[in-house]
Number of protein chains: 2
Amino acid sequence: MLELIQDDGGVTVSSEQLARRGHTTAAQVRKDLSHFGSFGKRGLGYSVDELKDRLRIILGLDRVWRVILIGAGRIGSALFEYPDFKKRGYDCVAVVDSDPAKIGEKWGERVIRPAEELESLIKELRATLVILAVPASAAQLVAERSVNAGVRGILNFAPVQIQVPEDIPVENVNLVMELEALSFQITRALTP
Amino acid sequence: MLELIQDDGGVTVSSEQLARRGHTTAAQVRKDLSHFGSFGKRGLGYSVDELKDRLRIILGLDRVWRVILIGAGRIGSALFEYPDFKKRGYDCVAVVDSDPAKIGEKWGERVIRPAEELESLIKELRATLVILAVPASAAQLVAERSVNAGVRGILNFAPVQIQVPEDIPVENVNLVMELEALSFQITRALTP
DNA sequence: AGACGCTTGTGAAAAGCTTCACAAGAAAGT
DNA sequence: ACTTTCTTGTGAAGCTTTTCACAAGCGTCT
Ligand SMILES: NC(=O)c1ccc[n+]([C@@H]2O[C@H](COP(=O)([O-])OP(=O)(O)OC[C@H]3O[C@@H](n4cnc5c(N)ncnc54)[C@H](O)[C@@H]3O)[C@@H](O)[C@H]2O)c1
Ligand SMILES: NC(=O)c1ccc[n+]([C@@H]2O[C@H](COP(=O)([O-])OP(=O)(O)OC[C@H]3O[C@@H](n4cnc5c(N)ncnc54)[C@H](O)[C@@H]3O)[C@@H](O)[C@H]2O)c1
């Protein structure tokens with residue numbers, strides 16, 4: 001988005017402009033940014049270059065995150081080939097699966113590794129994140145093993161609530177719930 | 001989740017129990033449920049059966065929703081084979097794609113239809129929801145066409161903000177953002 | 001029937017978040 | 001140098017959500 005503004009020839013951007021694009025208000029943008037220091041110029045706005053740098057640092061995007069994909073099934077393969085992860089700094093350094101038929105299969109540059117190697121791969125490759133794309137029944141165990149091996153965050157596709165220590169963030173992707181959210185909004189609109 | 005409680009032999013469940021499982025507080029659960037009427041029994045809790053029925057109605061899950069999948073690519077094929085959608089009342093009644101090489105391909109019971117038929121399929125099959133699994137560049141146009149043909153809600157996988165009328169709910173699935181949320185939380189924990 | 005143990009439903013208080021409003025600062029023109 | 005025009009940063013006000021606290025209700029045991 002900031003790139004678009006630069007392409008339009010802007011070197012600075014006001015909270016008002018950011019708000020319009022981000023479906024929010026100018027005051028909100030300023031409050032949010034002020035939490036991370038004050039780097040806007042009064043009367044002018046924010047330097048797009050500086051804003052990009054700051055956001056990169058604030059969001060922790062100023063480095064490449066090493067990710068291990070656990071579960072080489074349907075959703076796993078779609079995710080593996082999703083180019084945006086790499087583009088945005090998430091490097092899938094390994095894929096593991098428990099199915100002997102899949103182990104050894106070549107996916108692009110990577111070979112599917114056996115699930116038993118999960119801990120050693122996390123340590124050797126210094127992976128910080130895992131993507132959990134295994135059946136719900138396996139999710140809790142695999143998550144625990146990952147955390148014990150040193151993983152710092154989990155993106156969970158299994159439709160279960162995973163229990164891990166408080167300081168390990170977990171983001172859940174529950175597509176059924178997203179559809180249910182749509183159903184709810186549609187239903188509510190009809191019966192107020 | 002309510003099924004689990006039933007399997008454990010519970011016919012009623014207290015707000016306290018619900019809260020523990022749902023990572024929230026008992027007061028919160030009661031407030032939420034009280035918005036839809038008061039159907040708990042004091043001293044006892046909520047009847048699991050009744051709660052299930054009520055939630056089904058509240059969430060609009062008491063009917064089957066007809067969904068059309070737009071884009072038979074990597075993520076589209078993973079979603080199509082995801083059994084939980086059907087199980088939870090979301091029936092994928094058609095798949096469309098613009099790629100001539102894919103049109104006509106058989107996916108289970110369905111045949112991939114040409115993208116031009118989108119409007120007529122929505123009308124004929126009375127589809128209420130679409131899942132947008134097309135490249136970002138095509139998403140806005142396809143969304144507009146869907147809404148004009150009568151779709152009431154959109155689950156959008158393309159990494160763009162879609163503009164549709166206010167009364168059409170859109171749920172966005174942005175996996176890169178989920179990873180960035182993890183990165184942010186991890187980074188923030190390190191540098192307070 | 002009455003006492004007791006639990007749990008809901010709901011005002012009221014607290015906390016959190018958003019919007020308002022404006023002094024203060026930065027550039028550009030006069 | 002002064003005025004005008006923008007726009008930030010931030011207390012204060014306003015609003016929403018969450019938590020607290022407790023009377024009222026239900027079932028059970030004696
Ligand atoms: N397919 C989808 O569109 C979709 C969408 C949302 C969520 N999900 C969820 O994602 C998970 C995977 O779904 P899927 O459709 O890819 O299923 P899948 O059966 O195609 O793939 C699961 C893979 O995990 C592997 N696996 C099982 N146990 C393992 C373990 N202990 N360690 C490592 N690998 C193991 C299996 O061998 C298999 O290859 C499920 O929990 C599902 O509910 C899937
Ligand atoms: N692969 C993933 O894991 C993943 C994850 C999140 C989001 N996404 C997003 O989902 C979308 C699809 O991703 P993908 O990996 O499946 O891509 P893909 O290229 O594999 O599939 C896209 C499909 O859409 C079809 N298509 C293109 N234009 C169309 C149109 N106008 N009407 C109908 N069909 C059309 C193409 O023929 C293709 O089959 C992209 O926007 C992507 O950013 C993908």
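The structure displayed is predicted, hence computed values, not measured ones. A note on names: the letters A, B, ... follow the listed sequences, proteins ahead of strands, and every chain is numbered from 1. Scope of the values below: all heavy atoms of this structure, side chains included, with no hydrogens, waters or symmetry mates.
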> Is there a donor-acceptor contact under 3.5 Å linking the side chains of A:Glu171 and B:Gln185?
Replying inline: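 Yes, side-chain donor-acceptor contact under 3.5 Å.
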
Neighbour count >12 (heavy atoms, 6.0 Å) for atom [atom1], [X]:
X	atom1	value
B:Arg88	CZ	no
A:Arg110	CZ	yes
A:Lys102	NZ	yes

> Is the shortest side-chain N/O distance from A:Ser15 to OP1 or OP2 of D:dT8 below 4.0 Å?
Replying inline: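 So the side chain of A:Ser15 is within the cut-off, an N or O lying under 4.0 Å from OP1 or OP2 of D:dT8.
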
> Hey, does the side chain of B:Thr25 come within less than 4.0 Å of D:dT19's phosphate (OP1/OP2), counting only N and O?
Replying inline: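 For D:dT19, OP1/OP2 do have a side-chain N/O of B:Thr25 under 4.0 Å.
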
> Is the B:Trp65 ring parallel, tilted or perpendicular to the B:Tyr90 ring (thresholds 30°, 60°)?
Replying inline: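 B:Trp65 and B:Tyr90: parallel rings.
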
Expressed as a whole number of angstroms, how long is the span from [X]:[atom1] to [N]:[atom2]?
X	N	atom1	atom2	result
B:His23	D:dT18	NE2	C1'	18 Å
A:Arg30	D:dC6	CZ	P	15 Å
A:Leu51	D:dT8	CG	C1'	13 Å
A:Gln28	D:dC15	CD	C1'	13 Å
A:His35	D:dG11	NE2	C1'	13 Å
B:Asp32	D:dT18	CG	P	7 Å
A:Arg20	D:dT7	CZ	C1'	14 Å

>> If you compare all heavy atoms of B:Phe80 against all heavy atoms of B:Gly108, which two are closest, and at what distance to 0.1 Å?
In response: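 That closest heavy-atom pairing would be CE2-N, 4.5 Å.
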
> From the 5' end of DNA chain C to its 3' end, which nucleotides mark the outer limits of contact with chain B, defined by a 4.0 Å heavy-atom distance cut-off (strictly under)?
Replying inline: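 Contacts span C:dC6 to C:dA12, reading 5' to 3'.
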
>> Quick check: on DNA chain D, is the nucleotide nearest A:Gly45 upstream (toward 5') of the one nearest A:Lys31, or the reverse? Name the residue that is more 5'.
In response: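 This one resolves to A:Gly45.
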
>> One character per nucleotide, please: for nucleotides 24-30 of chain D, 5' to 3', B when the base has a protein heavy atom closer than 4.0 Å, S when only the sugar-phosphate does, - otherwise.
In response: BBB----

> Do you know which of B:Val164, B:Ile162, B:Val142 makes side chain to side chain contact (heavy atoms under 4.5 Å, CB included) with B:Asn156?
Replying inline: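 That would be B:Ile162.
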
Would you give me the side-chain donor-acceptor pairs under 3.5 Å for residues 123-130 of chain A, sequence neighbours excluded?
none

> So, is the end of the B:Arg54 side chain (NZ or CZ) under 6.0 Å from the ring centre of B:Phe36 and within 45° of the ring's axis?
Replying inline: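 No; the conditions do not both hold, so B:Arg54 does not lie above the ring face of B:Phe36.
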
